[in-house]
Number of protein chains: 2
Amino acid sequence: MRIGEAAAAAGMTTKTLRFYEDSGLLPAAKRSPNGYRDYPDDSVARLEFIRRGRAAGLALTQIREILALRDAGEAPCAHVQDLLSNQLAELDHQISELMALRSIVAGLHATAASGTDASCDPEQICSYL
Amino acid sequence: MRIGEAAAAAGMTTKTLRFYEDSGLLPAAKRSPNGYRDYPDDSVARLEFIRRGRAAGLALTQIREILALRDAGEAPCAHVQDLLSNQLAELDHQISELMALRSIVAGLHATAASGTDASCDPEQICSYL
DNA sequence: CTTGACATTCCAGTGTAGGGGAAGGTTGAG
DNA sequence: CTCAACCTTCCCCTACACTGGAATGTCAAG
């Protein structure tokens, strides 16, 4: 498939795909005789993986690392296992940070929902934050 | 109070305060005869509000909107409540995406751990990482 | 044969949230 | 008097993740 198709299928722009290729998140696509990139169908799954990671707030560098590990396949390499362990630990850390932030925001939101407009003291900025 | 005092009281740098002024989050402070900014005491409360908003993951543009409502004499509480709702929903989305990715990485790790030959040359196999 | 929708590369700009450091003015202490 | 610690404006720099646009090439349809 050409870059426009792949981009549309993944809900991205062609610019983004070329950027991801430059950034090492996508392997360089093979080219048609006319020089156009020709993507295999499973590129869309890879792009969607990247999209999910981005939606989760991961940086492209972290997504790139995870993809590189995934690309390493079945290599029973101790080094790769260590890297995967580190990724898992990092993901756990990020999840717990996000959950902590969530509970803070949930508390603020509950306070805001329980109050009336009268509880918003004009002298203060806003009692809810 | 001078900018350094206000910044220290709010746990920020003087750079940040000037940046906030340029960005419309802080009104332009009145100046002492020597040209130094002279902040009223309640600026610290405003800065702490900004800090709390940032800590809750709000962008400066959102915080600016809240402050603008308050400065216009309106109680921004309903608006804040909306922002907090959105923030909560976004956090929930991010957390669920992160947990989905975590389970993918956990699967890779389990697969890698089930392999046999644990000794390999990190230089050779994993050099692309 | 031309038009329009694709594609290519390359360079440059955007927005976010500040940080670095120069060049100079002001103030209090020793 | 000098020195350090403040302050001022000014401009550039950072990282991240794209985005825009120019100049050019390719290709199917009318």
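This structure is a prediction, so every number in the text was calculated from the model and none was measured. Proteins come first, then strands; the chains are lettered A, B, ... in the order of their sequence lines, and each starts at number 1.
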task = Can you sort out the partners of A:Asn34 under side chain to side chain donor-acceptor pair (under 3.5 Å), two or more places apart, ordered by chain and number?
result = none
key: Qualifying residues under salt bridge (charged side-chain N to carboxylate O under 4.0 Å, His left out), relative to A:Asp92, sequence neighbours excluded   = B:Arg102
ask   = Between A:Arg64 and A:Asp71, is there a salt bridge with N-O shorter than 4.0 Å?
value = no
request  = Check side chain to side chain donor-acceptor pair (under 3.5 Å) between A:Ser96 and all other residues, then give those that pass, not counting sequence neighbours.
outcome  = none
inquiry  = Applying a strict under-4.5 Å side-chain criterion to I, L, V, M, F, W and Y, I'd like to know whether B:Ile104 and A:Leu91 cluster together.
reply    = yes
Under the side-chain contact (heavy atoms from CB on, under 4.5 Å) test, residues paired with B:Val44 that sit two or more places apart = B:Met1, B:Ala9, B:Glu48
note = Of B:Arg37 and A:Asn34, the one whose nearest nucleotide on DNA chain D sits closer to the 5' end is B:Arg37
note = Residues passing the side-chain contact (heavy atoms from CB on, under 4.5 Å) test with B:Thr13, sequence neighbours excluded, are B:Lys15, B:Thr16
ask   = Is there a path of hydrophobic side-chain contacts, each under 4.5 Å between heavy atoms of I, L, V, M, F, W or Y residues, that connects B:Leu47 with B:Tyr36?
value = no
task = Please list, chain by chain and in numerical order, all residues satisfying side chain to side chain donor-acceptor pair (under 3.5 Å) with A:Thr61, sequence neighbours excluded.
result = none
note = Under a 4.0 Å heavy-atom criterion, DNA chain D is touched by chain A from D:dA17 to D:dC27
Side chains of A:Gln62 and A:Gln94, donor plus acceptor under 3.5 Å = yes
task = Decide whether A:Leu88 and A:Phe49 are clustered together by the hydrophobic rule: side chain heavy atoms of Ile, Leu, Val, Met, Phe, Trp, Tyr closer than 4.5 Å, transitively.
result = yes
task = Using heavy atoms and a sub-4.0 Å distance, could you list which residues of residues 6-16 of chain A are near DNA chain C? By number, please.
result = A:Thr14, A:Lys15
Could you give the side-chain donor-acceptor pairs of residues 18-27 of chain A under 3.5 Å, partners two or more places apart or in another chain?
unit_1, atom_1, unit_2, atom_2, d
A:Glu21, OE1, A:Arg37, NE, 2.9
A:Ser23, OG, A:Phe19, O, 2.6

inquiry  = Could you tell me the boundaries of the chain A footprint on DNA chain C, defined by atoms under 4.0 Å from its heavy atoms?
reply    = C:dC6 to C:dC10
task = Specify the residue among A:Phe19 and A:Pro33 whose closest nucleotide of DNA chain D lies further upstream toward the 5′ end.
result = A:Phe19
message = Let's see if you get this right: which residues in residues 21-32 of chain A place a heavy atom under 4.0 Å from DNA chain C?
response = A:Arg31
Would you tabulate the side-chain donor-acceptor contacts of residues 51-60 of chain A under 3.5 Å, counting partners in other chains and residues two or more places apart, or write 'none'?
unit_1, atom_1, unit_2, atom_2, d
A:Arg51, NE, A:Ala10, O, 3.2
A:Arg52, NH2, B:Glu97, OE1, 3.1
A:Arg54, NH1, A:Leu58, O, 3.1

